[in-house]
Amino acid sequence: RVFALAIEDESMSPEFAPGDHVIVDPDVAPQAGDFVVARSADGDAPALRLYRALERLGGEAAELVPLNAAWPTRQIDRRQPGRIVGTMVEHRRYRRP
């Protein structure tokens with residue numbers, strides 16, 4: 001069930017660049033500080049983000065933080081549904097010409 005995802009934008013720069021690939025395992029539960037792939041309930045494209053668990057009254061929540069401050073931080077909770085698709089287990093950067 002492990003899969004690869006190509007980075008397509010600058011939202012996670014400088015650590016991840018467009019063209020990099022991340023290997024994601026849906027069976028690995030994320031820990032605070034892990035990189036995860038997440039989707040919002042409205043069908044956005046999957047996005048790699050830094051995971052921060054939040055404890056809220058009435059249920060669990062997570063904050064999904066881009067490394068590039070030009071992109072917004074998102075939250076997943078009951079009011080803003082979404083899901084964690086998997087946890088990044090490997091980062092691959094290929095040599096560019």
Side-chain angles (χ1 to χ4, degrees):
R1 294 181 7 106
V2 173
F3 65 93
L5 178 74
I7 304 299
E8 296 181 354
D9 61 30
E10 300 280 337
S11 65
M12 295 300 285
S13 68
E15 178 113 9
F16 301 89
D20 288 1
H21 288 79
V22 293
I23 309 302
V24 180
D25 190 338
D27 296 326
V28 173
Q31 304 288 320
D34 283 348
F35 292 105
V36 298
V37 172
R39 291 188 85 131
S40 65
D42 58 7
D44 285 358
L48 180 70
R49 296 291 184 264
L50 180 65
Y51 174 83
R52 290 187 187 149
L54 301 173
E55 290 187 30
R56 294 227 171 113
L57 206 57
E60 293 181 27
E63 190 171 54
L64 304 172
V65 183
L67 298 180
N68 184 335
W71 267 258
T73 296
R74 292 188 16 220
Q75 292 187 2
I76 293 177
D77 58 24
R78 287 191 314 173
R79 293 184 325 247
Q80 301 169 25
R83 69 184 182 94
I84 304 297
V85 176
T87 302
M88 183 192 82
V89 294
E90 188 175 325
H91 175 199
R92 294 184 180 182
R93 177 169 287 164
Y94 299 99
R95 182 172 178 225
R96 293 175 180 84

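- Residues D77 and A61 approach most closely at CB-CB, 3.7 Å, considering heavy atoms.
- The cluster map of Ile, Leu, Val, Met, Phe, Trp and Tyr, joined by side-chain heavy atoms under 4.5 Å apart, puts I7 and V37 in the same cluster.
- For S11, the side chain to side chain donor-acceptor pair (under 3.5 Å) criterion is met by D9, R49, not counting sequence neighbours.
- Partners of S40 according to the side chain to side chain donor-acceptor pair (under 3.5 Å) rule, which considers only residues two or more places apart in sequence or in another chain, are D42, D44.
- If you chain together hydrophobic residues whose side chains sit under 4.5 Å apart, W71 and F35 never meet in one group.
- Summarising the geometry of I23 relative to A4, their closest heavy-atom pair is CD1-CB, 3.8 Å, with the distance given to 0.1 Å.
- A search for salt bridge (charged side-chain N to carboxylate O under 4.0 Å, His left out) contacts involving R83 returns nothing, not counting sequence neighbours.
- Under a cut-off of 6.0 angstrom, the local environment of CZ in R39 is crowded, with over 12 non-hydrogen atoms contributed by other residues, nucleotides or ligands.
- The side chain to side chain donor-acceptor pair (under 3.5 Å) check on Q80 picks up nothing, with sequence neighbours excluded.
- Listed by chain and residue number, nothing satisfies the salt bridge (charged side-chain N to carboxylate O under 4.0 Å, His left out) test with E15 (two or more places apart in sequence, or in another chain).
- Residues A38 and I76 share a closest heavy-atom pair of CB-CD1, 4.3 Å.
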What donor-acceptor contacts under 3.5 angstrom involve side-chain atoms of residues 24-31, with partners at least two apart or in another chain?
| from | atom 1 | to | atom 2 | distance (Å) |
| --- | --- | --- | --- | --- |
| D25 | OD1 | D27 | N | 2.8 |
| D27 | OD1 | R1 | NE | 3.3 |
| D27 | OD1 | R1 | NH2 | 3.0 |

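- In this structure A62 satisfies the side-chain contact (heavy atoms from CB on, under 4.5 Å) test together with Y51, sequence neighbours excluded.
- Within the 4.5 Å cutoff, the side chain of T73 has heavy atoms near those of the P66 side chain.
- Hydrophobic clustering (side-chain heavy atoms under 4.5 Å, transitive across Ile, Leu, Val, Met, Phe, Trp, Tyr) groups F16 together with V85.
- Scanning for salt bridge (charged side-chain N to carboxylate O under 4.0 Å, His left out) contacts around R92 gives E90, with sequence neighbours left out.
- Note on V65 and L5: same hydrophobic cluster, where clusters join Ile, Leu, Val, Met, Phe, Trp and Tyr whose side-chain heavy atoms are under 4.5 Å apart, directly or indirectly.
- Every residue two or more places apart in sequence or in another chain that forms a side chain to side chain donor-acceptor pair (under 3.5 Å) with D20 is listed here: H91, R93, R96.
- The side-chain contact (heavy atoms from CB on, under 4.5 Å) test applied to P18 returns E10, not counting sequence neighbours.
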